[in-house]
Amino acid sequence: MQQREEKQLEASVESLISRVAHVKNALHSFIYKLENEYERLTWPSVLDNFALLSGQLNTINKLLRNEKTPSFRNQVIIPLVLSPDRDEDLAKLTEQRVPVFSHEIVPDYLRTKPDPEVEEQEKTLSTEAARIGPDVAQKQIQALNKLCTSLLEKLSNPREDRDAESAAMRQSKPSFNPADTNALVSAVAFGKGLSKCRPPGPVAPGHQGQGSMMSGGPTLQQVTIGGGSGQQAGMGGPVAQQQQGQTGKMPSSIKTNIKSASGSMHPYNR
């Protein structure tokens, strides 16, 4: 009896290993297509790969639920030897995925339950799901379905329609203010709104006296310096050339002539 159970267990394990190998090959092929043939990969082809994987997993579940299959839950795997050294036979059996069988990896590979953190997260999600009533859950499902339907409609529309909608939205929203544009054109073309104050700074030699009317200053443009000598002085320039050897002080005869010509002493000579 015991030998019969052992043979039945061995046959079940071999069949399970064969089914898992098929799933592994299908996953390997699908991942290769996603990484190397994604440009030519179509959505129906992706669905076919998912259908293949789903069928293989259902076959494994049927195999495990079969009456002739012994309950693997009653079988306990105990590690007899743990070593930090590399095991070539183990590496060959696992396709170089598990080169050593040490204390570090045994809790992960022989684990029969999820990690404690995962279990806590599952409990939290289960509690939140039980807390939500049927009416609230149905409303959330309807909102999600509506959002998915709208997204699918946008994806199914041709690209030209989406471009036309984007262009219409851009045209409906003006990107400028007409009042600011008119004010800028009026200022550039007619000087509307510009200040009439003359900017500070030295005046060019050939343009002395210009701009005094605009700045609101004195209207006196030229002053004849004593005796008809022909020397003139602008408002922004020096009143008279200083005599050679004199610096920083104007002769009294020039001051007298300026006073008699303008009727009042220039503010720069006080």
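The number of heavy atoms from other shown groups lying within 6.0 Å of CD1 (I77) does not exceed 12. No more than 12 heavy atoms of other residues, nucleotides or ligands shown are found within 6.0 angstrom of CZ on R65. In the displayed structure, E104 atom CD is contacted under 6.0 Å by at most 12 heavy atoms of other residues, nucleotides or ligands.
The nearest pair of heavy atoms linking L53 to V23 is CD2-O, 4.1 Å. Of all heavy-atom pairs between L9 and P70, the closest is CD1-CG, 3.7 Å. The minimum heavy-atom distance between L63 and S15, with the atom names listed, is CD2-OG, 3.4 Å. For V100 against I105, the heavy-atom pair with the smallest separation is O-CD1, 2.6 Å. The shortest non-hydrogen separation linking L52 to A26 is CD2-CB, 4.2 Å.
Distance alone, capped at 3.5 Å, is enough to place a donor-acceptor pair between the D87 side chain and the D89 backbone. A donor-acceptor pair under 3.5 Å is absent between the side-chain atoms of S12 and the main chain of T69, judged by distance alone. Remark: side-chain polar atoms of S150 are not paired, donor with acceptor, to backbone N or O of K146 under 3.5 angstrom. Formation of a donor-acceptor pair under 3.5 Å by the S45 side chain with backbone atoms of L41 is not found in this model.
Between E6 and R4, no side-chain nitrogen of the basic residue sits less than 4.0 Å from a carboxylate oxygen of the acidic one, so the salt-bridge criterion is not met. Between E14 and R19 no salt bridge is recorded (no basic side-chain N to carboxylate O distance below 4.0 Å).
In this structure the side chain of L184 reaches within 4.5 angstrom of the side chain of V188, judged on heavy atoms. When side chains are defined from C-beta on, F72 counts as touching V13, because their heavy atoms get closer than 4.5 Å. Between R111 and D108 the shortest side-chain heavy-atom distance falls below 4.5 Å.
In terms of hydrophobic clustering, with Ile, Leu, Val, Met, Phe, Trp and Tyr side chains grouped at heavy-atom distances under 4.5 Å, L27 and L16 are assigned to a common cluster. Note: the hydrophobic cluster containing V20 does not contain L93 (ILVMFWY, side chain heavy atoms under 4.5 Å, direct or indirect links). Under a hydrophobic clustering in which Ile, Leu, Val, Met, Phe, Trp and Tyr are joined whenever their side-chain heavy atoms come within less than 4.5 Å, directly or via other members, V136 and L144 fall into different clusters. Under the 4.5 Å side-chain contact rule for hydrophobic residues, I141 and L152 do not share a cluster.
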Exercise. Where do E35 and I31 land on the side-chain contact (heavy atoms from CB on, under 4.5 Å) test, with the steps shown first?
Worked result: CA-CA 6 Å; E35 293 180 350; I31 293 173; 3.7 Å; yes

For this session: Begin from the C-alpha positions of K123 and E128 and carry the test salt bridge (Lys or Arg N to Asp or Glu O under 4.0 Å) through to its verdict.
Result: CA-CA 9 Å; K123 290 181 180 179; E128 292 180 357; over 6 Å; no

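Distance check: Q96 CD to L90 CG gives 9.5 Å after rounding to the nearest 0.5 Å. Atoms CD and CD, from E117 and Q121 in turn, are 7.0 Å apart once rounded to the nearest 0.5 Å. Residue I60 holds its CD1 atom at 7.5 Å from CD of Q56, rounded to the nearest 0.5 Å. In this structure, the separation between OG1 on T127 and CD1 on I132 is 11.5 Å, given to the nearest 0.5 Å. Here E153 contributes atom CD and C148 contributes atom SG; the two are 11.5 Å apart, rounded to the nearest 0.5 Å. Atom-to-atom distance recorded for Q8:CD and E10:CD is 12.0 Å, nearest 0.5 angstrom.
Listed by chain and number, the residues in a side chain to side chain contact (heavy atoms under 4.5 Å, CB included) with P79 are L82, F101, V106, L110 (sequence neighbours excluded). Residues passing the side chain to side chain donor-acceptor pair (under 3.5 Å) test with R131, sequence neighbours excluded: none.
Sequence neighbours left out, the pairs with a member in residues 7-46 that pass ring pair (Phe, Tyr, Trp, His ring centres under 6.0 Å) are F30-F50.
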